[in-house]
Amino acid sequence: MMIGTAALAAAGLRAPQACAGDPPPSPALSGLFDQFMKERLDLSPMDATSYGLDTGARAHQKHEVDDGSLAGNQAQKIVTASQLTRLKALDRSTLSKADATSYDVVLYDLSTSDAANRLCDYGLPGGGDPYALSQLNGSYQYLPRFLGNQHTIDSAADAEAYLDRLNGFDNCWIRNLRSHGTMLLRV
Amino acid sequence: VIPPDFSLAAALAQMQLLLAPAADKGSLTQSLVTRAQDKHLPGDYAGRASGIVRDRVYPALERQMSLVAEMQKHATHDAGVWRLPNGEAFYQASLKIRTTTSESAERIHRLGLDLIKQHEGTLDTLLRKQGMMQGTVGARLAAMFKDPKYI
């Protein structure tokens, strides 16, 4: 839910559709994208579940819900700004054509999101959605759907994780309410 | 920031819908119960999930609804983000994110209107072929959705 096209492009790099004769992907860029993806997943247990990555070292994330508080949003904004800085520090001219395209896609996503973050602070990170709570946005919208469609139940552990998330539902709402309360009421 | 009044009314209606079923009947409980049964998992998932829904989720939802009611007192009918601080710039930045172009809002709006006109023309032709001649394209589509023949 929190992951943008940058992270998806980064994830896509893990399974590059290489053509014969393509130079090998740049280890520096792949390493950076892997790191970006890790940072995004760390911030979003629900994305870890959506991508089927909530196992092994990330198994604990299956019990957790995303932090929808203002502090959680702020953490996302900081990561976006930091990733943009790190990507820009990489010399694009050293990259192959395919890598340069990936670089451009991620750069576009990060720089447009970062620009929107710097412009306004309405309640959500990035642009496009000004309202944290509306007929389309809010934990009441995405959590029930997520628990029903994304959270898989194959074992007793999965069922326990579901119950933990149901409990986290309340925490998430309270966090949303407390932190957004003042901001939501701002005209 | 506060969404426009019609958005809040729709949000409140959806929250009421979520709150309507008894805790043990709602989808939050049933989604777990039915899937745990499918996998033959032992355990009182109905009791535990509905307890959480009743004691924690529903009260939280009620608090959120009272916040929406509070927001409604301050909401206006103005749908545009131009009313928000730095709203024009936010809209332009959002357009850039969503369209990957730097076109003006005016131009993208016109493009949208043109596309709708174009699609309506296509739909009108297709609907006429089905013998549906009367009314707007929207009304005919709505009628089609209710026609048992297509359900």
Side-chain angles (χ1 to χ4, degrees), chain A residues 4-5 105 108-109 111-113 115-123 126-141 143-145 147-149 151-156 158-160 162-174 176-177 180-181 183-187, chain B residues 1-4 6-15 18-19 26-32 34-36 38-39 41-43 45 48-49 52-53 55-57 59-61 63-65 67-68 70-71 73-76 81 83-87 89-98 100:
Chain A
T5 44
V105 168
Y108 189 88
D109 183 62
S111 54
T112 50
S113 296
N117 287 342
R118 284 170 199 281
L119 268 174
C120 306
D121 191 11
Y122 297 154
D129 270 330
Y131 309 119
L133 183 62
S134 72
Q135 92 281 15
L136 293 174
N137 290 100
S139 49
Y140 84 97
Q141 271 286 343
L143 273 168
R145 217 169 31 214
L147 283 172
N149 300 337
H151 186 108
T152 53
I153 310 267
D154 290 314
S155 65
D158 295 337
E160 290 305 319
Y162 185 103
L163 290 168
D164 283 340
R165 275 186 162 156
L166 210 49
N167 258 313
F169 217 139
D170 184 28
N171 288 337
C172 184
W173 261 330
I174 287 174
N176 257 322
L177 269 187
H180 278 309
M183 164 162 265
L184 286 173
L185 287 172
R186 204 178 63 196
V187 181
Chain B
V1 287
I2 299 182
F6 53 86
S7 160
L8 289 174
L12 210 51
Q14 292 180 79
M15 290 175 185
L18 199 57
L19 201 61
S27 65
L28 288 170
T29 301
Q30 284 304 319
S31 168
L32 175 62
T34 53
R35 288 188 290 158
D38 287 347
K39 300 282 172 184
L41 301 177
Y45 295 120
R48 292 173 69 198
I52 296 171
V53 170
D55 299 335
R56 305 199 53 164
V57 177
L61 195 46
R63 283 193 294 277
Q64 198 158 7
M65 286 168 75
L67 176 67
V68 172
E70 185 62 32
M71 288 162 87
K73 291 183 197 161
H74 307 276
T76 67
V81 289
R83 70 192 163 84
L84 301 173
N86 227 0
F90 178 81
Y91 196 82
Q92 197 58 47
S94 298
L95 277 181
K96 198 169 175 190
I97 290 173
R98 295 282 164 94
T100 69

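Values in this document were obtained by computation on a predicted structure and should not be read as measured data.
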Side chain from CB out, backbone as N, CA, C, O: work out which of these in [X] comes under 4.5 Å of a heavy atom of chain A, or both, or neither.
X	value
Ile52(B)	side chain
Arg98(B)	side chain
Ser27(B)	backbone
Lys39(B)	side chain

Shortest non-hydrogen contact between [X] and [Y], atoms and distance:
X	Y	value
Leu8(B)	Ile2(B)	CD1-CG2, 4.0 Å
Pro144(A)	Ser139(A)	CD-O, 3.6 Å
Gly127(A)	Ile97(B)	N-CD1, 3.6 Å

If the condition is salt bridge (charged side-chain N to carboxylate O under 4.0 Å, His left out), which residues does Arg35(B) pass it with, not counting sequence neighbours?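 Result, salt bridge (charged side-chain N to carboxylate O under 4.0 Å, His left out) vs Arg35(B): none returned.
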Going by the rule salt bridge (charged side-chain N to carboxylate O under 4.0 Å, His left out), which residues pair with Arg118(A) if we only count those two or more places apart in sequence or in a different chain?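 Arg118(A): salt bridge (charged side-chain N to carboxylate O under 4.0 Å, His left out) contacts with Asp114(A).
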Side-chain H-bond candidate by donor/acceptor type, Gln141(A) with Gln14(B), under 3.5 Å: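 Per modelled atom types, Gln141(A) and Gln14(B) side chains form a pair under 3.5 Å.
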Contact part of [X] toward chain B, heavy-atom cut-off under 4.5 Å: side chain, backbone, both or neither?
X	result
Asp154(A)	both
Ser155(A)	backbone
Asp129(A)	both

Gln64(B) vs Leu133(A), side chain to side chain contact (heavy atoms under 4.5 Å, CB included): CA-CA, chis, key distance, verdict: CA-CA 9 Å; Gln64(B) 198 158 7; Leu133(A) 183 62; 3.1 Å; yes
Choice from Ala116(A), Ala159(A), Ala115(A) maximising heavy atom contacts with chain B below 4.5 Å: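 Top option by heavy-atom pairs under 4.5 Å: Ala159(A).
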Count the heavy-atom pairs under 4.5 Å between each of Gln30(B), Lys73(B), Lys96(B) and chain A, then report the option with the highest count.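 Looking at each of Gln30(B), Lys73(B), Lys96(B) in turn, Lys96(B) comes out on top.
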Between Ser94(B), Ala11(B), Ser31(B), Ala49(B), the one whose heavy-atom pairs under 4.5 Å with chain A are most numerous: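 The answer is Ala11(B).
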